[in-house]
Amino acid sequence: MDGKTQLGDFLRTRRSRLRPEDVGVPTYGERRRVPGLRREELALLAGVSTSYYTRLEQGQSPSASPEVLDAIAGALRLDESERRYLHDLARAGRRRTPGRRPAPERVPEATRQLLDVLGHVPALVLGRRTDVLAWNRPGHALFAGHLDFAAPGLPAQRPNMARLVFLDGHVRDLYADWPGKARAVVGNLRVVAARHPEDAALHALLGELSAKSAEFASMWADHRVRACTGDTYEMRHPLVGPLTVTQQTLSSGRGPSVVVATTEADSPSRTALALLAQATGDDAARADRSSVRGQRARLRVDGD
């Protein structure tokens with residue numbers, strides 16, 4: 001993934017979405033051959049020369065200062081997430097770090113303790129590429145109960161939430177507004193890709209999703225940026241039926257993040273989650289009893 005190319009593509013898509021009337025640029029009734037603002041109009045709003053802005057879009061001027069980038073962000077009316085993304089892309093364009101495959105991500109002990117304390121609250125631990133590093137029983141049951149509960153503990157079999165959202169029919173059917181969930185996933189991956197341009201494993205994931213999902217490829221080309229912090233989703237769970245959950249991402253800014261799903265107090269959705277937690281607890285208890293019986297049987301055999 002070339003940072004300079006990504007920067008130019010991002011600027012062009014954002015410029016094409018701004019109408020002259022949105023930013024007070026007069027058109028005098030003329031017919032325009034391009035959607036959105038022209039380069040010279042955007043450059044004027046940002047206070048830079050047209051030739052400089054053109055070179056920036058074409059990837060020929062990767063050394064833009066933070067002040068210039070902020071001026072362009074203001075002219076494009078970028079929100080805070082998009083502004084940070086613009087700066088990340090510019091830094092990526094200046095770096096020449098070759099792609100490398102980083103070491104597998106691990107769950108810190110403090111994060112495991114948090115997962116245990118959450119108890120009946122559905123929760124999972126995500127790596128920066130949305131790999132599921134761990135989940136509690138309710139989190140597994142809510143988001144991917146059709147998968148092996150032990151899968152996150154095996155690096156070669158770890159589920160990946162972006163892959164599940166786009167390529168797994170079960171997870172896709174969970175969301176009443178699947179396109180909204182999918183756009184949130186893509187927007188967050190764009191933030192991560194700009195922040196970690198050297199991550200070869202991330203590049204491989206993006207390439208796989210683009211090849212296997214035309215919807216992902218289209219959304220990725222749209223260049224929308226969105227940091228996932230909290231969203232409310234209508235879900236259609238196969239065991240407990242429809243429910244509305246708020247998915248919140250808890251992150252210290254370093255290492256994996258914890259995603260929790262909560263519901264309104266005294267709501268049907270809270271009742272549905274309680275039923276799911278009860279069913280999950282019953283299944284876990286049966287699994288534990290089965291494991292104990294198996295251990296006892298092996299002990300008897302060994303004793304003989």
Side-chain angles (χ1 to χ4, degrees), residues 1-94 162 166 177-195 197 202-203 206-207 209-211 213-228 231:
M1 187 172 359
D2 187 286
K4 292 184 289 185
T5 301
Q6 293 291 318
L7 175 61
D9 289 345
F10 179 65
L11 291 174
R12 279 190 293 275
T13 56
R14 284 298 175 270
R15 178 170 58 83
S16 70
R17 290 179 186 148
L18 270 184
R19 298 176 301 175
E21 56 268 30
D22 293 335
V23 292
V25 172
T27 61
Y28 307 106
E30 63 180 333
R31 296 185 63 182
R32 302 171 70 87
R33 292 179 295 175
V34 296
L37 292 180
R38 294 168 175 156
R39 284 174 174 165
E40 59 267 25
E41 293 168 340
L42 194 284
L44 181 63
L45 289 172
V48 299
S49 70
T50 300
S51 60
Y52 178 84
Y53 179 78
T54 299
R55 291 197 301 274
L56 196 61
E57 272 199 8
Q58 294 175 343
Q60 299 173 4
S61 182
S63 57
S65 69
E67 293 76 17
V68 167
L69 294 174
D70 282 336
I72 292 173
L76 290 171
R77 299 193 172 185
L78 303 184
D79 62 25
E80 189 55 35
S81 292
E82 293 168 329
R83 183 185 296 264
R84 287 197 296 268
Y85 177 73
L86 177 63
H87 282 269
D88 286 340
L89 284 180
R91 281 192 292 270
R94 290 192 289 269
F166 279 94
D177 178 20
W178 179 84
K181 175 62 178 177
R183 284 192 294 270
V185 169
V186 173
N188 187 67
L189 282 175
R190 272 214 167 274
V191 172
V192 176
R195 199 168 293 161
L202 177 59
H203 295 181
L206 297 175
L209 292 174
S210 296
S213 170
E215 291 158 313
F216 178 88
S218 175
M219 292 181 186
W220 185 257
D222 194 46
H223 285 267
R224 292 190 185 275
V225 179
R226 185 181 184 187
C228 286
D231 282 296

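For clarity, every value in this text was computed on a predicted model and none was experimentally measured.
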The test is side chain to side chain contact (heavy atoms under 4.5 Å, CB included); show your working for Leu76 and Leu45 and say whether it passes. CA-CA 9 Å; Leu76 290 171; Leu45 289 172; over 6 Å; no
Can you tell me how far CD of Glu41 sits from CG of Leu44, rounded to the nearest 0.5 angstrom? 8.5 Å
Partners passing ring pair (Phe, Tyr, Trp, His ring centres under 6.0 Å) against Tyr53 (at least two apart in sequence or in another chain): none
Under the salt bridge (charged side-chain N to carboxylate O under 4.0 Å, His left out) test, which residues partner Glu215, sequence neighbours left out? Arg172
Do Leu86 and Asp70 have side chains that approach each other closer than 4.5 Å (heavy atoms only, starting at C-beta)? no
For Glu80, what residues pass the side-chain contact (heavy atoms from CB on, under 4.5 Å) criterion, not counting sequence neighbours? Arg83, Arg84
How far does CG of Leu11 sit from OG of Ser16, to the nearest 0.5 angstrom? 11.0 Å
Mind listing the closest non-hydrogen atom pair of Val225 and Arg14 along with its distance? N-NH2, 3.8 Å
Salt bridge present between Asp222 and Arg17 (N-O < 4.0 angstrom): yes
Between Ser213 and Ser210 (side chain of the first, backbone of the second, donor and acceptor by atom type, cut-off under 3.5 Å), is there such a pair? no
According to side-chain contact (heavy atoms from CB on, under 4.5 Å), who are the partners of Thr54, at least two apart in sequence or on a separate chain? Arg39, Thr50, Gln58
Taken in chain and number order and not counting sequence neighbours, the residues that satisfy salt bridge (charged side-chain N to carboxylate O under 4.0 Å, His left out) with Arg183 are none
Decide side chain to side chain contact (heavy atoms under 4.5 Å, CB included) for Arg91 and Asp88; before the verdict, give the C-alpha distance in whole Å, the side-chain angles of both, and the deciding distance to 0.1 Å. CA-CA 5 Å; Arg91 281 192 292 270; Asp88 286 340; 2.3 Å; yes
Closest non-hydrogen atom pair between Ala71 and Ala46, with its separation: CB-O, 3.4 Å
Nearest heavy atoms of Ala90 and Leu7, plus distance in Å: CA-CD2, 4.4 Å
Separation of Arg190 CZ from Ser81 OG (nearest 0.5 Å): 14.0 Å
Atom CG of Leu69 and atom NE2 of His87: how far apart are they, to the nearest 0.5 Å? 5.0 Å
Do the side chains of Ile72 and Leu78 get nearer than 4.5 Å, heavy atoms only? no
Note: Ala194 and Leu89 closest approach over all heavy atoms is CB-CD2, 3.9 Å
How close do Met219 and Pro179 get, counting heavy atoms only, and between which atoms? CE-O, 4.2 Å
Measure the acute angle between the ring planes of His223 and Phe10, then classify it against the limits of 30° and 60° as parallel, tilted or perpendicular. tilted
Would you check if the side chain of Arg224 reaches a backbone N or O of Val186 as a donor-acceptor pair within less than 3.5 Å? no
By salt bridge (charged side-chain N to carboxylate O under 4.0 Å, His left out) - contacts of Asp177 (at least two apart): none
Heavy-atom closest pair, residues Ala193 and Trp220: CB-CH2, 4.1 Å
CG of Leu42 to CG of Leu37: how many Å apart, nearest 0.5 Å? 6.0 Å
